[in-house]
Amino acid sequence: MDSANRRRRGMGVLATLALAIGLVVAGGAPAQAAPATIQPVPITAAHAVSTVYSLTVNGTPVPVNGYANYGDGYDYAEFAMGTGIAQITITKLDGTAVSKTYITPIKDSHVATHSGASSTFTISAPKYLIVKLDTGRRIIISAEAAETNVPAASGPGIFRVGSAAYPADPSGNTLSTTGVQAAINAASAYGTAGGTRGIVYVPAGVYTLANIELRSNIDVYFAPGSVWRMRADKSLYTVDAHKSSQNRDLTWWIQTEFGSENITMRGRGTLDGNGKAAFASGFGMNILAPIATSNFRLDGLTIREAASWAVIPTRSDDLEFTHMKIFNRFDMGENDGIDVIESQDVLVQYGIAIGHDDPYSTKSWPKSVGITINWPGDPEVVQNVAFDRLISWTGCFGFKVGQGVVSSHTDVRFTNSVIHDSSVGRA
């Protein structure tokens with residue numbers, strides 16, 4: 001791909017980066033509008049229910065994911081909301097009384113009320129929040145707008161994972177790679193022939209997968225409660241790179257075909273790297289690797305537990321990542337959220353990323369080193385990259401340009417964003 005011929009896309013003006021840690025104490029709440037309809041995102045058998053918190057939104061129970069039971073772990077809950085207000089009640093399961101509620105972003109001025117072991121506050125629009133009750137474990141609230149343009153589960157141009165033509169095991173017990181890849185291939189052929197996108201429909205369930213290749217002219221839709229998950233078995237995966245600082249081989253778990261275009265991934269599903277187990281088994285992964293692709297869109301997905309950099313758009317152009325949640329661990333290093341690498345015309349907007357290392361950054365690297373050995377083509381510039389309306393929580397850099405910076409970085413913008421906590425805010 002010739003970077004000189006790439007289309008430049010305007011993506012907003014420079015604004016001030018907001019750095020904040022939220023604090024809201026007990027107090028009264030203002031009068032509210034009509035309650036929104038709530039659609040919880042279910043927790044599958046692959047993931048644990050929290051032993052620390054329960055959650056209701058407008059009286060509807062929303063399952064809380066007990067992400068990792070260690071010192072700096074956190075829980076998270078996901079739901080969609082229609083028009084109106086959402087009254088959120090978080091309850092401590094140990095029954096101890098709540099005296100303070102801390103909410104990020106502080107600039108949103110949420111006010112919580114307390115009753116025994118519960119804290120209640122209200123939001124009037126979709127947003128991402130980091131909440132702490134007293135000195136306890138944090139809980140991430142992912143409140144998103146109700147889905148629109150949800151495809152049918154079957155019909156012309158729909159290639160359903162788990163159907164007779166594309167068999168898959170929704171229990172996660174056996175590998176579903178063959179059926180999922182066949183659905184992708186068929187959707188790509190359909191979309192290419194018809195000048196559209198073939199739809200890969202992923203129903204709720206856990207699908208354990210080896211490497212997956214995304215091909216041109218597809219729209220991969222993840223229904224709520226759908227999970228693609230890695231297995232902690234290095235022999236199942238290709239070795240695509242080597243990370244010398246970790247002394248580990250890496251695989252590009254889900255990657256784009258070189259030269260592909262017109263790919264969408266969307267919905268309320270999860271891409272789960274199963275990173276702690278993989279790391280213990282001697283390898284790491286980039287969960288999603290849009291490499292040498294153009295016109296790539298991701299919206300609404302949760303990216304979870306990478307054992308290296310989670311999302312690596314590389315030597316590509318015309319990319320958007322919106323409403324993307326990256327939930328990495330704090331007891332594993334070098335697990336960046338999204339690193340925009342040698343790519344142009346990239347928008348990362350409306351999202352939250354958490355992990356030990358840099359949630360949002362740009363990079364460029366020398367040719368033919370360990371991590372770049374299989375990248376196609378020659379090094380490219382980083383140009384016209386916008387990070388906007390994001391929340392970052394990390395032990396390292398909240399927002400960063402580099403390391404490394406081998407080729408030029410031009411027009412990289414961090415705007416309207418919040419850092420909950422970090423070692424360095426921006427660099």
Side-chain angles (χ1 to χ4, degrees), residues 40-49 63 65 67 76 78 147 150-154 158-188 197-215 218-238 251-257 263-278 281 283-290 298-307 310-311 324-327:
V41 175
I43 296 176
T44 69
H47 301 143
V49 176
N65 200 310
Y67 185 26
Y76 66 89
E78 302 177 281
E147 289 188 88
V150 175
S154 61
I158 309 291
F159 303 86
R160 181 186 173 96
V161 169
S163 65
Y166 312 109
D169 177 8
S171 74
N173 292 326
T174 58
L175 286 175
S176 295
T177 313
T178 300
V180 169
Q181 189 65 60
I184 289 170
N185 296 349
S188 175
R197 291 189 181 104
I199 296 173
V200 178
Y201 188 98
V202 185
V206 180
Y207 304 93
T208 302
L209 303 175
N211 293 99
I212 291 294
E213 185 176 70
L214 304 174
R215 298 183 175 174
I218 60 171
D219 176 9
V220 187
Y221 174 77
F222 293 81
S226 59
V227 178
W228 284 2
R229 197 167 199 242
M230 291 192 72
R231 178 168 287 176
D233 182 351
K234 183 180 178 181
S235 68
L236 296 175
Y237 300 93
T238 61
T251 190
W252 302 332
W253 177 32
I254 303 165
Q255 74 160 95
T256 54
E257 183 180 27
I263 295 170
T264 297
M265 303 180 75
R266 62 188 176 100
R268 296 291 186 268
T270 296
L271 308 179
D272 182 357
N274 197 16
K276 189 69 172 179
S281 298
F283 74 109
M285 85 294 294
N286 305 118
I287 290 180
L288 178 62
L298 181 146
D299 183 76
L301 298 187
T302 297
I303 316 292
R304 172 186 160 124
E305 199 169 333
V311 182
M324 178 174 67
K325 293 83 64 182
I326 301 178
F327 296 144

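Hydrogens, waters and symmetry mates play no part in the numbers below; they use all other heavy atoms, side chains included.
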Legend entry - Any donor-acceptor N/O pair, Tyr207 side chain to Val161 backbone, under 3.5 Å: no
Inset, instruction - Heavy atoms only: give me the nearest Ala204-Pro224 pair and the separation to one decimal. - result: CB-O, 3.5 Å
Legend entry - Minimum-distance pair of heavy atoms, taken over all atoms of Gly273 and Ala278: O-CB, 4.4 Å
Inset, instruction - Might you point out which heavy atoms bring Pro167 and Ala164 nearest each other, and give the distance in Å? - result: CD-O, 3.7 Å
Inset, instruction - Check Ile43 against Pro63 and note the closest heavy-atom contact, atom names and distance. - result: CD1-CB, 3.6 Å
Inset, instruction - Could you tell me whether a side-chain N or O of Arg231 sits under 3.5 Å from a main-chain N or O of Asn173, the two making a donor and an acceptor? - result: yes
Inset, instruction - For residues Ala232 and Ser281, report the shortest heavy-atom separation together with the two atoms involved. - result: O-OG, 3.3 Å
Legend entry - Phe283 and Tyr237 aromatic centres sub-6.0 Å: yes
Legend entry - Verdict with reasoning, Val227 to Arg304, per side-chain contact (heavy atoms from CB on, under 4.5 Å): CA-CA 10 Å; Val227 178; Arg304 172 186 160 124; over 6 Å; no
Inset, instruction - Describe, in one word, how the ring planes of Tyr201 and Tyr221 are oriented to each other, choosing from parallel (under 30°), tilted (30 to 60°) and perpendicular (over 60°). - result: tilted
Inset, instruction - Report yes or no: does Asn65 contribute a side-chain atom to a donor-acceptor pair with the main-chain N or O of Tyr76 at less than 3.5 Å? - result: no
Inset, instruction - Can you see which heavy atom on Ser188 is nearest to which on Arg215, and at what distance? - result: OG-CB, 3.6 Å
Legend entry - Interatomic distance, Ile303 atom CD1 to Met265 atom CE [nearest 0.5 angstrom]: 7.0 Å
Inset, instruction - Working to the nearest 0.5 Å, report the span between CD1 of Ile158 and OG of Ser163. - result: 11.5 Å
Legend entry - Donor-acceptor contact present, side-chain Asp272 to main-chain Glu305, <3.5 Å: no
Legend entry - Spacing of CZ belonging to Arg229 relative to OG1 belonging to Thr208, to within rounding of 0.5 Å: 7.0 Å
Legend entry - Given Leu298, Leu214, Ile184, the one that forms side-chain contact (heavy atoms from CB on, under 4.5 Å) with Ile263: Leu214
Legend entry - From Ile287, Val220, Val206, residue fulfilling side-chain contact (heavy atoms from CB on, under 4.5 Å) relative to Trp228: Val220
Legend entry - Gap between atom CD1 of Ile212 and atom OG1 of Thr256 - 0.5 Å precision: 13.5 Å
Inset, instruction - Mind checking the CG-CE spacing from Leu271 to Met324? Nearest 0.5 Å is all I need. - result: 10.0 Å
Legend entry - Side-chain donor or acceptor of Thr251 paired with backbone N/O of Thr238 under 3.5 Å: yes
Inset, instruction - Check the pair Arg268 / Glu147 against side-chain contact (heavy atoms from CB on, under 4.5 Å), numbers first and verdict last. - result: CA-CA 9 Å; Arg268 296 291 186 268; Glu147 289 188 88; 3.6 Å; yes
Legend entry - Where at least one partner belongs to residues 158-170, residue pairs that pass salt bridge (charged side-chain N to carboxylate O under 4.0 Å, His left out), sequence neighbours excluded: none
Inset, instruction - Look only at the side chain of Glu213 and the backbone of Gln181, and say whether a donor-acceptor pair between them is shorter than 3.5 Å. - result: no
Legend entry - Reported CZ-to-CD1 distance for the pair Arg266 and Ile199, which is rounded to 0.5 angstrom: 6.0 Å
